[in-house]
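Everything below concerns the one structure shown next.
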Amino acid sequence: MRVKRFVGNNLQEAILKVKTEMGKEAIILHTRKFKEGGFLGFFAREVVEVTAAVDDFPPPVSRPNSQPGEVSAAAAPVLSGQTKPQAVEFSQPEKRPVVTNEHSDSLVPTEELKEMKTVMYQLLEEMNHLKGGNLYPKLVQKAYHLLLNHEVEEKLAVKLINGILERAAPDELKDAKVIRFYLEEGIRQILRVPQPIVFKNGGKQQIVALVGPTGVGKTTTIAKLAASFSLLERKRVALVTIDTYRIAAVEQLKTYAQIIGIPIEVVFTPEALREAIAKHQDKDLIFLDTAGRSPKNAVQMSELNGFLHAGCPTDVFLVLSASTRYQDMLDVYNRFSAVPLTKLVFTKLDETNTFGPIINMVSRTKKRLSYITVGQNVPDDIEVADPQRIARLILGGMSG
């Protein structure tokens, strides 16, 4: 695969140059407009640059009247010739030819080389998509399919794999431990540092609401958090529930509150919620337990928004079950986005073997993780989300 850039006065002229030199099989990778010539920024003319690629066309012959801005294909990282698609390897850096500018003795700028490298990775990404990832080196290909098996979005999986190819030396691509290290690092960077409930010295009261669809375990999660902060961190905690749709859920939370030894309020209107919060001004932390709303029910969502507007929570956690299909998670998030969501909580990690949707959601929504739950025990089975642990859950089937 050879790559070259062509410059013309307009797009048609540049593409004509591509077809003349590379033939009809050439693939257009990138086009851009820029200005050249002129004096002190004035009278510069606008030209069009086209970056194209073709399979093994003959190397261009040096011409004395070559156009300014044309760069030899040697400027791009060269894929070594392979007979099997799964054995693509990058040539060793010391064997790459030195690329010089036709109009000066200086080397091609570093930024230009980076741009060509980016183009090559984009091309590799496109080809891998068509070939099902089989153009990656063997162990990298295995890692790619492992990510897909965990339902990591394809674009996100490619981003993680390209991160390996950009950072690892060619010899390291044969070492499973190195590949796993770079993958863990990439996943941690996507998940970023978690944001649990934190009290700063002299910090004001915090009001945390948990919202989400039915059946994800909001009530149990609130009980775990309340017990953890009250019994372990010695904070003054109160519970307020607006889940008046399910009598059993209210009774369950009352039982938890009694065991933990904290007050609980049941409210039916936004005004009653304001009064309940005012009543507990001396508390460090108030948890709001909301009813499991159907995100498809506009009336229920509007009602929930009314309660949250009255309660003015400092945080609104969207609670999602890790066992939910990824597309359903996205649908839930999109419908709850009418609510001022701040962070994500994932429950029931013990009920699934597929953890890719967690990083998908963080990447898509740009919301930080806060907590995960791994069972029903109160208060034990809840913990601050650990990006490294999630990475290792995803890479559990990978040796090294």
Side-chain angles (χ1 to χ4, degrees), residues 196-199 203-293 300 303-321 336 339-348 370-373 375-384:
I197 300 169
V198 177
F199 287 89
K204 64 178 182 179
Q205 180 188 72
Q206 295 197 47
I207 302 173
V208 178
L210 275 69
V211 303
T214 56
V216 296
K218 290 187 304 301
T219 300
T220 305
T221 300
I222 277 189
K224 292 173 182 177
L225 288 170
S228 178
F229 279 97
S230 176
L231 302 177
L232 302 180
E233 299 197 24
R234 301 297 181 184
K235 299 295 182 182
R236 293 167 296 175
V237 179
L239 298 179
V240 179
T241 179
I242 56 177
D243 186 357
T244 55
Y245 289 92
R246 298 182 306 153
I247 296 175
V250 174
E251 292 304 316
Q252 180 186 21
L253 200 58
K254 284 182 176 179
T255 301
Y256 281 132
Q258 184 177 3
I259 294 172
I260 300 168
I262 58 177
I264 182 171
E265 306 286 341
V266 181
V267 301
F268 296 89
T269 66
E271 182 57 37
L273 175 58
R274 291 192 189 93
E275 294 173 359
I277 291 174
K279 178 180 177 181
H280 295 285
Q281 286 182 347
D282 61 322
K283 302 299 188 293
D284 301 308
L285 180 59
I286 297 177
F287 286 106
L288 303 184
D289 184 28
T290 64
R293 311 289 169 135
Q300 288 186 359
E303 184 182 56
L304 175 60
N305 239 333
F307 274 105
L308 294 178
H309 181 73
C312 297
T314 50
D315 266 313
V316 179
F317 293 170
L318 175 63
V319 184
L320 297 168
S321 169
F336 271 92
V339 172
L341 304 174
T342 57
K343 298 181 182 73
L344 300 177
V345 172
F346 282 90
T347 61
K348 306 184 180 183
S370 191
Y371 296 95
I372 59 171
T373 73
Q376 297 296 316
N377 294 325
V378 178
D380 299 328
D381 293 337
I382 190 168
E383 58 193 65
V384 176

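Every value quoted in this text rests on a predicted model; they were computed, and no experiment measured them.
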Is the backbone N or O of [Y] less than 3.5 Å from a side-chain atom of [X], with the two atoms forming a donor-acceptor pair by type?
X      : Y      : answer
Thr241 : Val250 : no
Ser370 : Val345 : no
Glu265 : Ala272 : no

To the nearest 0.5 Å, how far apart are [atom1] in [X] and [atom2] in [Y]?
X      : Y      : atom1 : atom2 : answer
Ile264 : Ile262 : CD1   : CD1   : 7.5 Å
Ser228 : Glu383 : OG    : CD    : 11.0 Å
Ile242 : Leu308 : CD1   : CG    : 6.0 Å
Arg236 : Ile286 : CZ    : CD1   : 11.0 Å
Lys224 : Ile260 : NZ    : CD1   : 12.0 Å
Lys283 : Lys235 : NZ    : NZ    : 14.5 Å

Can you find a pair of side-chain heavy atoms, one from [X] and one from [Y], that are under 4.5 Å apart?
X      : Y      : result
Asp381 : Thr373 : no
Ile372 : Ile382 : no
Phe336 : Leu341 : yes
Thr269 : Leu273 : no
Phe346 : Thr221 : no
Leu344 : Tyr371 : no
Leu288 : Val208 : no
Pro213 : Val319 : no

Restricting to non-hydrogen atoms, name the atom on [X] and the atom on [Y] that form the minimum distance, rounded to 0.1 Å.
X      : Y      : answer
Ala227 : Val378 : CB-CG1, 4.2 Å
Thr347 : Val216 : OG1-O, 2.6 Å
Thr290 : Lys218 : O-CE, 3.4 Å
Gly306 : Pro270 : O-CB, 4.0 Å
Phe199 : Asp284 : CE2-O, 3.4 Å
Ala226 : Leu239 : CB-CD2, 3.8 Å

Q) Run the side-chain contact (heavy atoms from CB on, under 4.5 Å) check on Gln252 and Thr220 step by step: do they pass? A) CA-CA 9 Å; Gln252 180 186 21; Thr220 305; 4.0 Å; yes
**Q.** Stepwise side-chain contact (heavy atoms from CB on, under 4.5 Å) check, Gln205 with Thr314
**A.** CA-CA 9 Å; Gln205 180 188 72; Thr314 50; over 6 Å; no
Q.
Which label fits Phe229 and Phe287: parallel for a plane angle under 30°, tilted from 30 to 60°, or perpendicular past 60°?
A.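 Geometry flag for Phe287 against Phe229: tilted rings.
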Q. Is the count of non-hydrogen atoms from other residues, nucleotides or ligands lying under 6.0 Å from Glu233 atom CD greater than 12?
A.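 Yes, because the 6.0 Å sphere around CD of Glu233 holds more than 12 heavy atoms from other groups.
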Q. Is Asp315 salt-bridged to Lys343, going by a charged N under 4.0 Å from an acidic O?
A.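 Yes.
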